Novice: 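Attaching a single structure in structure tokens format; questions to follow.
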4 protein chains.
Amino acid sequence: MPKIVDHDQYRKELLLKSFDLFAERGYGSITMRQLAQGLGVSTGTLYHYFPSKQALFLQLVEELDRQDLLNFLAEAGNPPTLTERIETMFNFVAKNEDNFCKQVLLWVEFYQQEKAELTKNNAFHSSWDKTTQAIADYLQVPDKAIADFVLNYLYGLLMRGIFETETISYPEQATLLSKILVAYLK
Amino acid sequence: MPKIVDHDQYRKELLLKSFDLFAERGYGSITMRQLAQGLGVSTGTLYHYFPSKQALFLQLVEELDRQDLLNFLAEAGNPPTLTERIETMFNFVAKNEDNFCKQVLLWVEFYQQEKAELTKNNAFHSSWDKTTQAIADYLQVPDKAIADFVLNYLYGLLMRGIFETETISYPEQATLLSKILVAYLK
Amino acid sequence: MPKIVDHDQYRKELLLKSFDLFAERGYGSITMRQLAQGLGVSTGTLYHYFPSKQALFLQLVEELDRQDLLNFLAEAGNPPTLTERIETMFNFVAKNEDNFCKQVLLWVEFYQQEKAELTKNNAFHSSWDKTTQAIADYLQVPDKAIADFVLNYLYGLLMRGIFETETISYPEQATLLSKILVAYLK
Amino acid sequence: MPKIVDHDQYRKELLLKSFDLFAERGYGSITMRQLAQGLGVSTGTLYHYFPSKQALFLQLVEELDRQDLLNFLAEAGNPPTLTERIETMFNFVAKNEDNFCKQVLLWVEFYQQEKAELTKNNAFHSSWDKTTQAIADYLQVPDKAIADFVLNYLYGLLMRGIFETETISYPEQATLLSKILVAYLK
DNA sequence: CATGAATGAGCCTTCATTCAT
DNA sequence: AATGAATGAAGGCTCATTCAT
């Protein structure tokens, strides 16, 4: 069924291209018309591929989550020590900082605007749980609290990037966290 | 003589009462009409006290920021050891978790929606810088990186509280962070 | 009854002062609040003296009409020839051009906005008829058509002052009309 | 393929049909909803064709101005004597008196309401200059003052038609003006 | 008399969504 | 499949007017 493949592939193309548009203006501020224009299609076409703005966004969340994970696993390898694994993670985040930052902002904004209509076991929670789980697996820490701690720190960095005036040096932060954790784990 | 009202005091009352309404539905989703209704006034009255929805929200940010800081300082005291000071901070955050969580969500959502028009005299950056400065003072750490680290961690916790399904035990987290930092500072 | 005199006198003061405010922003665009502010009173006071914006404006029309006529008659005298009388009229108009222009604009705007609610024998028609009658009396022409013609020309000048880019020289125009009429009347 | 409509042609249709609606209630008093309803479309459609109420009106001005001129030239011919040309003009105005009267009222009202924002690239001045120029060409008078005089008189008639209770006989007025001018030009 | 806080209907405009072509 | 014209509910905001003080 080649038609369906095409259809599906095109859908994902649109999805991926739409990320920058969403990021630029925000979920609530960008209009379907602007989205369509930015993608080079008509609003009608947009609605041919996605039933609604909300659904489009939700699919984007899902798609990006998968992509992010795949990208990470593709280049992460399996370093022998926890320190190295943490460093690898930080490098990855540092490299994609801008991307992740945009994602968090967008996810939060969407969550705020739609939480009234979103069921509790929504795509969001499951998606994030999946991600955190994957990361925990990668780090292979005996104590889950450590994985949580690292992730936590990462989220925190992203947030600070938004509100603080000074830009953050991820490599520095990674070094700091490594030192701290190594000291603690001993 | 007009009706007797302390304009400024009433304004702050409205501001404070509006927080829960904003938190409930989000900045973008709540309407001025709903806000007015929730506050028990007419839309006209709302506009009598605030020039616009955006201005109202910005004033809310400022007011809450001040209140939060005052509240904290009022009960923080000045414990002798860093560990205790950190614990005090965590207890405070734990006690007000819900509040802070709502604030962060709201700030982020607003930032997303209005970032196009918020380039410079951004009440946000200055407000957060002020807060972080105050916290750094309180902790009295020689190395600013430590203060940053703690704050960072706090923001991270807040974010995780939003996306993770499991609720977070702040006391546990505080204990963990304390241990980690003590290990590192030695 | 001195109180009433004061009240009435103050009312006329407000009326006269309000003319410039109306002229500056237009009847439809100026708000009662702006009007009050410009007059140095509160909106409540405004409504103490005038039952509504519309009534205020209508009183202004009446008052200005009377003033204009009085002013004219005060300085018009009674020149022996028609030519001189016409010239006197034109000088008067030229001297108060700006004033008259503002009046016409305002009257027209008001008429447009309120014509749906204004009865046919409204203050406007009667007021203008009174004015034209007075002018016809002054000119003492045997043929009413001449008086109409002159008035007509005057209205036309006012209108052109609005729409044409070049400013109009009233003295020149007066001379021209005089020549024309003299030629015709012979 | 979208619904088949000639966007530009439909726009002009809406424009032309909107004139009566504007004329009936005035620029400031009619609402976009009323306009839409009167045109048999939704407000959304109105905004699909015109960016704003003001822009819609400005386009109407331009369009009517062109139409008026075209209509006149189409039936004016080129009579040999000035007297006849003036008469032709007057006949044209007489025939369309109602139309022109409405236009002047509307233009003036709009000018009043928006003059604050209409400082320079004022479609009004240019439009009127164009018209006066065309008329001057048509009359072929050596002395521009004569053309101005005639136009002036016409505007005046229109204004009087608004404020005077008695209706005006255009043919009579035309005869009068002809006589006067002929007397003067000799 | 004077004040200005309060009201709420109503305005212009936007935008997700539908549907004829 | 693709287009973009059409819809209309709903949003932010204004403003003449009222009324408690």
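Throughout, protein chains are lettered first and strands after them, A, B, ... in sequence-line order, and every chain is numbered starting at 1. The shown structure was predicted, so the numbers you read here are calculated from the model rather than taken from an experiment.
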Novice: Test: salt bridge (Lys or Arg N to Asp or Glu O under 4.0 Å). Region: residues 102-113 of chain C. Which pairs qualify, not counting sequence neighbours?
Specialist: C:Asp98-C:Lys102

Novice: Listed by chain and number, what are the ring-ring contact (aromatic ring centres under 6.0 Å, His included) partners of C:Tyr49, not counting sequence neighbours?
Specialist: C:His7, C:Tyr10

Novice: Looking at residues 14-33 of chain A, who's got a heavy atom less than 4.0 Å off DNA chain F?
Specialist: A:Arg33

Novice: B:Gln37 CD to F:dG11 C1': how many Å, rounded?
Specialist: 15 Å

Novice: Dot-bracket notation for DNA chain F is requested: 5' to 3', Watson-Crick or G-U wobble pairs only, both distances under 3.5 Å, with ( ), [ ], | and . as defined.
Specialist: .||||||||||||||||||||

Novice: Rounded to the Å, how far apart are D:Gln34 CD and E:dA9 P?
Specialist: 17 Å

Novice: Round to a whole Å and report the spacing from CG of A:Leu56 to P of E:dT17.
Specialist: 10 Å

Novice: Can you list everything that forms a side-chain contact (heavy atoms from CB on, under 4.5 Å) with D:Val104? Sequence neighbours excluded, please.
Specialist: C:Met159, D:Val108, D:Leu158, D:Met159

Novice: My understanding is that only residues two or more places apart in sequence, or in another chain, count here; which of them pass side-chain hydrogen bond (donor to acceptor under 3.5 Å, both in side chains) with D:Glu24?
Specialist: none

Novice: What is the separation between atom OH on B:Tyr10 and atom P on E:dG4, rounded to the nearest whole Å?
Specialist: 18 Å

Novice: Who passes ring-ring contact (aromatic ring centres under 6.0 Å, His included) against C:Phe57, sequence neighbours left out?
Specialist: C:Phe22, C:Tyr27, C:Trp107, C:Phe110

Novice: What's the NE2-C1' distance between D:His7 and F:dA5, to the nearest Å?
Specialist: 9 Å

Novice: Only counting residues at least two apart or in another chain, list the ones meeting side-chain contact (heavy atoms from CB on, under 4.5 Å) with C:Arg33.
Specialist: C:Thr31, C:Thr43

Novice: Do other residues, nucleotides or ligands put more than 12 heavy atoms under 6.0 Å from the CZ atom of C:Arg11?
Specialist: yes

Novice: Once you round it to whole Å, what is the distance between P of E:dC1 and CD of C:Gln9?
Specialist: 13 Å

Novice: Sequence neighbours excluded, which residues qualify as side-chain hydrogen bond (donor to acceptor under 3.5 Å, both in side chains) partners of C:Asp68?
Specialist: C:Gln103

Novice: What integer distance in Å separates C:Leu35:CG from E:dG4:C1'?
Specialist: 16 Å

Novice: At a heavy-atom distance below 4.0 Å, what parts of residues 38-54 of chain C sit against DNA chain E?
Specialist: C:Ser42, C:Thr43, C:Gly44, C:Thr45, C:His48, C:Tyr49

Novice: The criterion is side-chain hydrogen bond (donor to acceptor under 3.5 Å, both in side chains); which residues satisfy it with B:Thr45, sequence neighbours excluded?
Specialist: B:Ser42

Novice: Could you tell me which residues satisfy side-chain hydrogen bond (donor to acceptor under 3.5 Å, both in side chains) with C:Arg66, sequence neighbours excluded, listed by chain and number?
Specialist: C:Glu63

Novice: At what distance, to the nearest 0.5 angstrom, does CD of B:Gln37 lie from CD1 of B:Ile30?
Specialist: 10.0 Å

